[in-house]
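Everything below concerns the one structure shown next.
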2 protein chains.
Amino acid sequence: MGNQKLYKGSLQTIILKLLSENEKMYGYEITQKVKALTKGELKITEGALYPALHKLEAEGLLDVEVAKVDNRLRKYYKLTESGTKETVHRLAQLDEFIQTMQHLLNPKLA
Amino acid sequence: MGNQKLYKGSLQTIILKLLSENEKMYGYEITQKVKALTKGELKITEGALYPALHKLEAEGLLDVEVAKVDNRLRKYYKLTESGTKETVHRLAQLDEFIQTMQHLLNPKLA
DNA sequence: ATGTATACATAATTTTCTTATGCATAATAT
DNA sequence: ATATTATGCATAAGAAAATTATGTATACAT
């Protein structure tokens, strides 16, 4: 994506959204999924992702489960009950934000 | 707007867009215009606005013209030639960002 | 007098990212 | 064989962009 700055603030919501669709995911998997879904437009860096996951966990929105696959560590994250509720809320806010921006960009429509 | 965090990074683009439609505007006017256009959803704070205007000016995208109206100071900003070009670019990026986000939120469509 | 609106500005702090590292295993290419 | 790429986690230093809290000043209404 040209202006990476614009996605500031939406990373947590993206993570929550993916977890609402996938039951459980691990960090690296999330970065690959986002890259695939956005056709390479959006690249989540590790320096942003891992702190974000830790924060969501600390807030009680995610649970972690460590696994070992092919002798490599994986940390699977899944939504808690509270996380599921919060996801609905955050997605609504993101949708509202997008509509607000479209309204600003194109006041004639909307 | 519920999640004010989301609009982080888009303030400069909003300013540029408004100036591309209005020839010249002053700071306070911009805050009021945004409030009106978004029906109160988005409130630009002075602590964000003025530094942003100064930065855009420092980057050569805006020109300033000081005026005195009703014995009160006003600083009118307008796009420079370079600012006009940059506005097109930033709006395209914002549009791309919005589409990317919609793609993430609703992978079935788009 | 007191509060609200208009109009600018900056400083301290916080949030959220980027960039740069670091560690470790597995698979692939040369 | 060995160097690179992919997989997988993590943190620290720094930058960017906001929030929050001030500060100054005029005009108008109660």
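Every chain is numbered from 1 and lettered A, B, ... according to where its sequence line falls, protein lines coming before strand lines.
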Problem set entry | Qualifying residues under side-chain hydrogen bond (donor to acceptor under 3.5 Å, both in side chains), relative to A:Asn22, sequence neighbours excluded | none

Exercise. Rounded to the nearest Å, what distance is computed from the NZ atom of residue A:Lys43 to the P atom of nucleotide C:dT19?
Worked result: 12 Å

Exercise. Under a 4.5 Å cut-off applied to non-hydrogen side-chain atoms, are A:Thr87 and A:Leu19 in contact?
Worked result: no

Exercise. Can you tell me how far P of C:dT16 sits from CD of B:Gln4, to the nearest Å?
Worked result: 13 Å

Seminar exercise, completed: Taken to the nearest 0.5 Å, the spacing of B:Lys35 NZ from B:Ile30 CD1 works out to 14.0 Å

For this session: Please tell me which of A:Gln12 and B:Glu29 maps to the more 5' nucleotide of DNA chain C, matching each residue to the nucleotide holding its nearest heavy atom.
Result: B:Glu29

Problem set entry | B:Lys24 charged N/C atom sitting above B:Tyr76 aromatic ring, 6.0 Å / 45° | yes

Problem set entry | Verdict with supporting geometry, B:Leu105 and A:Ile98, side-chain contact (heavy atoms from CB on, under 4.5 Å) | CA-CA 11 Å; B:Leu105 294 185; A:Ile98 289 175; 3.9 Å; yes

Exercise. Do A:Lys8 and C:dT16 share a donor-acceptor pair, side chain to base, under 3.5 Å?
Worked result: yes

Problem set entry | Start and end of chain A contact along DNA chain D [non-hydrogen atoms, under 4.0 Å] | D:dA6 to D:dA17

Exercise. With distance as the sole criterion, is a donor-acceptor pair present between the side chains of B:Gln99 and B:Asp95 under 3.5 Å?
Worked result: yes

Exercise. Once you round it to whole Å, what is the distance between P of C:dT16 and CG of A:Leu6?
Worked result: 16 Å

Exercise. More than 12 foreign heavy atoms under 6.0 Å from NE2 of A:His54: is that the case here?
Worked result: yes

Problem set entry | Residue-level proximity of residues 45-56 of chain B to DNA chain D when a heavy atom falls under 4.0 Å | B:Thr45, B:Gly47, B:Ala48, B:Lys55

For this session: Would you please name every residue forming a salt bridge (charged side-chain N to carboxylate O under 4.0 Å, His left out) with A:Glu59, sequence neighbours left out?
Result: A:Arg90

For this session: Whole angstrom is fine here: how far is it from NZ in A:Lys5 over to C1' in C:dT15?
Result: 16 Å

Exercise. Which of residues 65-79 of chain B have a heavy atom under 4.0 Å from DNA chain D?
Worked result: B:Asp70, B:Asn71, B:Arg72

Seminar exercise, completed: Residue set satisfying salt bridge (charged side-chain N to carboxylate O under 4.0 Å, His left out) with B:Glu57, at least two apart, ordered chain then number -> none

Seminar exercise, completed: Value for CG (B:Leu94) from CE (A:Met101), rounded to nearest 0.5 Å, stands at 4.5 Å

Exercise. Hey, are the side chains of A:Asp63 and A:Leu79 touching, using non-hydrogen atoms and a 4.5 Å cut-off?
Worked result: no

